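One structure is given here, and the rest of the page talks about it.
FYI, the numbering just counts along the sequence from 1. Worth saying up front: this structure is predicted, and the values here are computed from it rather than measured.
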Amino acid sequence: MTDEKKQEFTLRISQANPSQLVVILYELFFFYIEEAETKLAADDKTGFTKELQKAHGCLNELIGSLNPEQELSQTLLKFYFYVSARIGAAIGSRSVEPLKDPKRLMMRHYEIYKADAVHDT
């Protein structure tokens with residue numbers, strides 16, 4: 001990640017409400033997945049693994065943000081565990097194929113959080 005991109009995310013994080021922080025975590029997740037795909041295309045298997053580990057770190061933060069007292073959190077936890085397993089499969093196979101379905105599903109969740117964050121005061 002370039003210094004400029006880091007500054008952009010840092011500024012957004014410093015000004016974000018809790019819902020916007022979740023949106024930023026999703027955006028970071030997608031950023032690292034794209035970086036991993038780029039690394040693999042360049043035959044940089046070590047870089048591919050490192051970027052997926054960063055994406056997994058975002059996923060861990062999303063898991064940590066769940067409120068276990070809310071029923072929806074249990075469903076999201078199972079979903080995040082599924083995504084985590086697919087990241088592991090991608091690392092193990094050194095392939096982006098295991099990430100296709102999780103990326104699509106994470107994008108759906110992202111769109112929902114993004115729309116909801118606008119209303120979080």
Side-chain angles (χ1 to χ4, degrees):
M1 182 180 292
T2 64
D3 287 341
E4 184 177 308
K5 196 72 169 168
K6 286 179 189 176
Q7 288 177 338
E8 175 189 326
F9 277 115
T10 300
L11 177 62
R12 289 182 58 211
I13 289 167
S14 70
Q15 298 173 347
N17 64 38
S19 294
Q20 291 167 333
L21 287 173
V22 172
V23 170
I24 293 168
L25 280 170
Y26 272 86
E27 290 172 1
L28 283 166
F29 173 86
F30 292 124
F31 176 83
Y32 291 130
I33 294 292
E34 288 175 16
E35 288 290 301
E37 291 169 345
T38 300
K39 298 284 185 184
L40 189 61
D43 203 35
D44 180 357
K45 293 178 176 82
T46 302
F48 173 72
T49 299
K50 286 181 181 179
E51 296 301 323
L52 287 182
Q53 288 170 338
K54 292 175 188 176
H56 194 266
C58 294
L59 195 59
N60 284 339
E61 289 296 324
L62 288 167
I63 290 169
S65 74
L66 295 174
N67 180 350
E69 302 202 7
Q70 292 181 343
E71 188 175 325
L72 178 59
S73 291
Q74 294 306 312
T75 303
L76 284 171
L77 183 62
K78 290 176 187 175
F79 169 68
Y80 291 149
F81 284 161
Y82 163 74
V83 175
S84 175
R86 301 312 298 157
I87 289 173
I91 291 171
S93 66
R94 298 194 191 262
S95 167
V96 296
E97 187 64 33
L99 301 173
K100 287 184 179 180
D101 191 44
K103 277 177 44 179
R104 180 181 57 80
L105 295 170
M106 286 287 283
M107 184 57 74
R108 285 185 183 171
H109 285 221
Y110 165 73
E111 293 297 334
I112 292 167
Y113 277 112
K114 187 176 177 183
D116 186 55
V118 173
H119 304 291
D120 186 358
T121 58

Contacts of Phe81 that satisfy ring-ring contact (aromatic ring centres under 6.0 Å, His included) - sequence neighbours left out = none
ask   = Is it true that a side-chain atom of Ser73 and a backbone atom of Glu69 form a donor plus acceptor pair closer than 3.5 Å?
value = no
task = Starting at CG of Leu21, measure out to OG of Ser65 and round the result to the nearest 0.5 Å.
result = 9.0 Å
query = Can you check whether Glu34's main-chain N or O pairs, donor with acceptor, with Thr38's side chain at less than 3.5 Å?
reply = yes
query = Is any side-chain heavy atom of Leu99 less than 4.5 Å from a side-chain heavy atom of Ile33?
reply = yes
Side-chain donor-acceptor contact under 3.5 Å, Tyr82 with Asp101 = yes
ask   = What heavy-atom pair brings Arg86 and Pro98 nearest, and what distance separates the two atoms?
value = NH2-CB, 3.2 Å
message = Check this for me: does any side-chain nitrogen of one of Glu111 and Lys114 sit under 4.0 Å from a carboxylate oxygen of the other?
response = no
message = Rounded at 0.5 Å granularity, tell me how far CG in Leu28 sits from CG in Leu59.
response = 12.5 Å
request  = State yes or no: do Leu105 and Leu25 share one hydrophobic cluster built from I, L, V, M, F, W and Y residues joined by side-chain heavy-atom distances below 4.5 Å, directly or via other members?
outcome  = yes
ask   = Minimum heavy-atom separation for Leu52 to Ala90, with atom names?
value = CD1-CB, 3.8 Å
Between CZ on residue Phe79 and CG on residue Leu62, distance to nearest 0.5 Å = 9.5 Å
request  = May I have the step-by-step check of side-chain contact (heavy atoms from CB on, under 4.5 Å) for His109 and Leu76, ending in yes or no?
outcome  = CA-CA 10 Å; His109 285 221; Leu76 284 171; 3.4 Å; yes
query = Partners of Lys39 by salt bridge (Lys or Arg N to Asp or Glu O under 4.0 Å), sequence neighbours excluded?
reply = none
Set of residues satisfying side chain to side chain contact (heavy atoms under 4.5 Å, CB included) with respect to Glu71, sequence neighbours excluded = none
ask   = With sequence neighbours left out, which residue pairs that include part of residues 34-54 fulfil the ring-ring contact (aromatic ring centres under 6.0 Å, His included) condition?
value = none
remark   = Residues passing the salt bridge (Lys or Arg N to Asp or Glu O under 4.0 Å) test with Glu35, sequence neighbours excluded, are none
task = Determine whether more than 12 heavy atoms belonging to other residues, nucleotides or ligands lie under 6.0 Å from atom NZ of Lys50.
result = no
ask   = Glu37 and salt bridge (charged side-chain N to carboxylate O under 4.0 Å, His left out): which partner among Arg94, Lys100, Lys103?
value = Lys103
note = Of Arg108, Met107, Met106, the one forming a side-chain contact (heavy atoms from CB on, under 4.5 Å) with Arg104 is Arg108
ask   = What is the distance from atom OG1 of Thr49 to atom CD1 of Ile87, rounded to the nearest 0.5 Å?
value = 12.0 Å
key: Pairs meeting criterion ring-ring contact (aromatic ring centres under 6.0 Å, His included) with involvement of residues 17-46, two or more places apart   = Tyr26-Tyr113, Phe30-Tyr110
ask   = Of all heavy-atom pairs between Ser84 and His56, which one has the smallest distance, and what is that distance?
value = OG-NE2, 2.7 Å
request  = Say whether Tyr80 and Ile24 are linked into one hydrophobic cluster, either directly or through other cluster members, by side-chain heavy-atom distances under 4.5 angstrom.
outcome  = no
